[in-house]
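Values below: all heavy atoms of this structure, side chains included; hydrogens, waters and symmetry mates excluded. Predicted, not measured: the structure shown is a model, and the values here were computed from it.
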2 protein chains.
Amino acid sequence: MPTEGPELETVHLLRAAAVELGLHSARFASRNGMHPTDVRALIVLMDARRAAEETTAGRLGAALGLNSAGTTALVDRLERAGHVRRVRGATDRRKVVIEVDERAVALGQAFFGPLIGQVVELLQGYDERERAAIRGFLEGVRGAAAAADRPLTS
Amino acid sequence: MPTEGPELETVHLLRAAAVELGLHSARFASRNGMHPTDVRALIVLMDARRAAEETTAGRLGAALGLNSAGTTALVDRLERAGHVRRVRGATDRRKVVIEVDERAVALGQAFFGPLIGQVVELLQGYDERERAAIRGFLEGVRGAAAAADRPLTS
DNA sequence: CCCTATTATCTCGCTCAGCAAGATACTTGG
DNA sequence: CCAAGTATCTTGCTGAGCGAGATAATAGGG
């Protein structure tokens, strides 16, 4: 057991920040009568939209780790709330492409925009070398957490 | 709408890292037949243990945002799995103090230890000024996310 | 002291997210 | 044009968490 160095406090801080970000999403969810999964789904959909990719029901479910039944129920909820639309695939009519409603996008930007703005502002208080350290650290954390998935792979 | 500066990519990275950390906890949960809430509960309990504070059922529920019924069910699950013990309060016998089992602590350390170690190692690759920037950034993010709770407070 | 208000936890009945299994609709290769 | 494959939906179920109220124990005024 390492004797509690100052690095561990930073790790603690990292966890606290991650938890707080999660709680912020949860607030968005409950304030809009949604569940955490619904928010995660909207984020996936908006990311795909940014990348100009179509998201089908199947892809969405896979991205969230839901099975087909859960995915159908999820899309039903989001559609009922008016956040997304189901559009049958043009070339392959088995597919259901999920489109995010503009208002849902605006809702998300209105809620997350301020926080994003604050973080951007925060970043601007650092010089380039410090910003590079922050980026590198975040990249490293993400990689380490993701790599912990498949244990002993090269 | 800001025209997509390089800071936004860092924000994106921050979100990705937070998500990945969340998924890591979720893996711990599912690998041990637990739910995300159970893991959060154990973290709260272990944090309290470190600080040498007693955690009652009520405090735990409040920390997790559960009502009394949900808290009872949660403690039942954790107790059934052998991760915690219920101990009636010594001075106030209405209270139920929740104690974490040593094996649950060891389980958590075994799972999260390697990732924590990697992050500590990562930090050691930076000089003191860079580490201060990372700490300051994380602190700022946590504060901003937490402050977004109560909107327009001084 | 005792009786009422208060506090801490638990019990009951319910709602709803997500799962497993299988039905349905559509496509594609032979 | 049909069989195998693929994408989504339907059905029936399990279990986390909620609201309301029961139960148990303490604290304080009379």
* To do: Go through the structure and list residues passing salt bridge (Lys or Arg N to Asp or Glu O under 4.0 Å) with Arg93(A), not counting sequence neighbours.
  => none

Using distance only, find each side-chain donor-acceptor pair of residues 52-63 of chain B under 3.5 Å and give its atom names and separation, not counting sequence neighbours.
unit_1: Thr56(B); atom_1: OG1; unit_2: Arg59(B); atom_2: N; d: 3.3

* Starting at the 5' end of DNA chain C and moving along, which residue's nearest nucleotide shows up first, Asp38(A) or Val97(B)? -> Val97(B)

* Go through the structure and list residues passing ring pair (Phe, Tyr, Trp, His ring centres under 6.0 Å) with Phe28(A), not counting sequence neighbours. => Phe111(A), Phe112(A)

* Given dC10(C), dT11(C), dA8(C), the nucleotide with the shortest approach to the side chain of Lys95(B) -> dA8(C)

* To do: Residues of residues 54-65 of chain B with any non-hydrogen atom less than 4.0 angstrom from an atom of DNA chain D: list those, numerically ordered, please.
  => Gly65(B)

* Asked: Between Arg15(A) and Glu20(A), does at least one N-O distance fall below 4.0 Å, as a salt bridge requires?
  -> no

Side chains of residues 64-71 of chain B: which donor-acceptor pairs under 3.5 Å do they make with residues two or more places apart or in other chains?
unit_1: Asn67(B); atom_1: OD1; unit_2: Ala69(B); atom_2: N; d: 3.1
unit_1: Asn67(B); atom_1: OD1; unit_2: Gly70(B); atom_2: N; d: 2.9
unit_1: Thr71(B); atom_1: OG1; unit_2: Asn67(B); atom_2: O; d: 2.8

* For DNA chain C, find the residues of residues 70-82 of chain A with a heavy-atom distance under 4.0 Å and give them by number; none if there aren't any. => Arg77(A)

* In Å and rounded to the nearest 0.5 Å, what is the CG to CG distance from Leu14(B) to Leu21(A)? -> 5.5 Å

* Segment of DNA chain D, first to last nucleotide, that comes within the 4.0 Å heavy-atom reach of chain A -> dG5(D) to dT11(D)

Would you give me the side-chain donor-acceptor pairs under 3.5 Å for residues 130-145 of chain A, sequence neighbours excluded?
unit_1: Glu130(A); atom_1: OE1; unit_2: Asp127(A); atom_2: N; d: 3.0
unit_1: Glu130(A); atom_1: OE2; unit_2: Arg129(B); atom_2: NE; d: 3.4
unit_1: Arg131(A); atom_1: NE; unit_2: Glu128(A); atom_2: OE1; d: 3.4
unit_1: Arg131(A); atom_1: NH1; unit_2: Leu123(A); atom_2: O; d: 3.4
unit_1: Arg131(A); atom_1: NH1; unit_2: Tyr126(A); atom_2: O; d: 2.8
unit_1: Arg131(A); atom_1: NH2; unit_2: Glu128(A); atom_2: OE1; d: 3.3
unit_1: Arg135(A); atom_1: NH2; unit_2: Glu128(A); atom_2: OE2; d: 3.0
unit_1: Glu139(A); atom_1: OE2; unit_2: Arg142(A); atom_2: NE; d: 3.4
unit_1: Glu139(A); atom_1: OE2; unit_2: Arg142(A); atom_2: NH2; d: 2.7

* Arg85(B): partners by salt bridge (Lys or Arg N to Asp or Glu O under 4.0 Å), with sequence neighbours left out -> Glu99(B), Asp101(B)

* Should the heavy atoms of other residues, nucleotides or ligands under 6.0 Å from CZ of Arg49(B) be counted, would the total exceed 12? -> no

* Just wondering, do Met46(A) and Val100(A) contact through their side chains at under 4.5 Å, heavy atoms? -> yes

* To do: Take the C1' atoms of the five end pairs on each side of the helix from dC1(C)-dG30(D) to dG30(C)-dC1(D), get both axes, and report the angle to 10 degrees.
  => 10°

* Hey, is CD on Glu9(B) packed in by over 12 heavy atoms from elsewhere, all under 6.0 Å? -> no

* Structure fact -> Its contact letters, B for base, S for sugar-phosphate only and - for none at protein heavy atoms under 4.0 Å, make nucleotides 23-30 of chain C read --BBS---

* Which residues satisfy the salt bridge (Lys or Arg N to Asp or Glu O under 4.0 Å) test with Arg40(A), sequence neighbours excluded? -> none

